[in-house]
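Below: one structure, written as structure tokens.
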2 protein chains.
Amino acid sequence: MSIFMRPSQALRLWQQVSLAEVRADTPDLTMRQMAILLTIYLDPPPHTVRGLAAKLGVTKPVITRALDTMGSLKLVSRHRDERDRRNVLVRRTVEGALFVERFGDVIIAKSAELPL
Amino acid sequence: MSIFMRPSQALRLWQQVSLAEVRADTPDLTMRQMAILLTIYLDPPPHTVRGLAAKLGVTKPVITRALDTMGSLKLVSRHRDERDRRNVLVRRTVEGALFVERFGDVIIAKSAELPL
DNA sequence: CGGTATCATTTCGGCTCCGTACCATTCAAT
DNA sequence: ATTGAATGGTACGGAGCCGAAATGATACCG
């Protein structure tokens, strides 16, 4: 079923979630990194660098560097595709799943508090 | 009225909006800049540097620099408070209002497309 | 007045990110 | 075996942002 929101509620929701993220001492992800992370965790695998770059409309180095950063945060991991060793498959991690889950909880909590 | 969302819907919504923003050729705002901008446009004025810094839980230079950036994008404007010339009052602009309005439209559109 | 507090900005060194261009590896076709 | 295409990664110069500390301007208060 569709969600119904009024513009003021939509904007207020985004503000509240952004404020919560800024205040939190969790590592700050850029909008691009967040889009990549959520795509990895929401869209069906496999995920390759090129595929992600195409989906985001950005260049490959953007993906490579974002994976470097999020990899060092243990939010994602990289593995060579053994069937075609040119490919790198991006996989989820336990830490990443927890991060995404916690982020979803923040959105839910803030949406429940929205004023009329 | 509260909004009801399931976690998968909340995360999918955030992904779709982030993807739309990354793909768009509009200037990329950081999460902090977005939080500041939405606060200026949603919370009642007046908005000072110190007040925004306190609300975001960040240092003042963060606000000053964000206002520099968004000011050059004409999304906000600064004016000295004539009653207490130490203060800088941050004000909305026509361009900023349009930007925020358009952003709200994106959220609404993506929320309407959410899968079950 | 003089001294202190308040507010915003600037400065500094350091870090991350950007896009373009180039490189290394692997595969597939000949 | 050789060539060409495809995939990821790397090097580089430039730009933006970070926090801490110093600076400048204004207000308050004795």
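In what follows, chains are A, B, ... by sequence order, proteins preceding strands, each numbered from 1.
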From the options [options], select the nucleotide whose nearest atom is closest to the side chain of [X].
X      : options                  : result
R86(B) : dT9(C), dA25(D), dC17(D) : dA25(D)
V88(B) : dT9(C), dG8(D), dT20(C)  : dT9(C)
R78(B) : dT9(C), dA27(D), dT20(C) : dT9(C)
T48(A) : dT9(C), dC7(C), dG8(D)   : dG8(D)

Interatomic distance where [atom1] belongs to [X] and [atom2] belongs to [N] [whole Å]:
X      : N       : atom1 : atom2 : answer
L29(A) : dT16(C) : CG    : C1'   : 13 Å
D68(B) : dA8(C)  : CG    : C1'   : 11 Å
R80(A) : dA6(D)  : CZ    : P     : 17 Å
L67(B) : dG16(D) : CG    : P     : 16 Å
R65(A) : dC15(C) : CZ    : C1'   : 14 Å
E82(B) : dA27(D) : CD    : C1'   : 14 Å
H79(A) : dG8(D)  : NE2   : P     : 15 Å
M31(A) : dG16(D) : CE    : C1'   : 16 Å

So, is [X] close to the [N] phosphate, meaning a side-chain N or O under 4.0 Å from OP1 or OP2?
X      : N       : value
Q33(A) : dT16(C) : no
T69(A) : dC17(C) : yes
R32(A) : dC18(C) : yes
R50(B) : dC7(C)  : yes
T64(B) : dA8(C)  : no
N87(A) : dG8(D)  : yes

Original post:
Just checking, any donor-acceptor pair under 3.5 angstrom between side chains of R12(B) and Q15(B)?
Top reply: yes
Original post:
Is R91(A) reaching over with its side chain to a backbone N or O of S77(A), donor-acceptor style, under 3.5 angstrom?
Top reply: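 Flag not set: sc R91(A) to bb S77(A) has no pair under 3.5 Å.
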**OP:** Tell me what R85(B) touches on the nucleic acid: a base, only sugar-phosphate, or nothing, going by heavy atoms under 4.0 Å.
**Re:** sugar-phosphate
**OP:** Could you tell me whether V58(B) contacts a base, only the sugar-phosphate backbone, or nothing, with contacts defined as non-hydrogen atoms closer than 4.0 Å?
**Re:**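 Nothing: the residue V58(B), judged by heavy atoms under 4.0 Å, touches no strand.
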Original post:
Does the pair D105(B)/K110(B) count as a salt bridge with the N-to-O cut at 4.0 Å?
Top reply: no
**OP:** Please determine if R102(B) and E21(B) form a salt bridge, counting it only when a charged side-chain N lies under 4.0 Å from a carboxylate O.
**Re:** yes
Original post:
What pairs of residues pass the side-chain hydrogen bond (donor to acceptor under 3.5 Å, both in side chains) test when at least one of them lies in residues 47-61 of chain A, not counting sequence neighbours?
Top reply: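 The answer is D43(A)-K55(A).
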Original post:
Which residue, V49(B) or D84(A), contacts DNA chain C at a nucleotide closer to its 5' end, judged by nearest heavy atom?
Top reply: V49(B)
Original post:
Among all residues two or more places apart in sequence or in another chain, which pass the side chain to side chain donor-acceptor pair (under 3.5 Å) test with R6(A)?
Top reply: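 If we apply the side chain to side chain donor-acceptor pair (under 3.5 Å) test to R6(A), skipping adjacent residues, the hits are S8(A).
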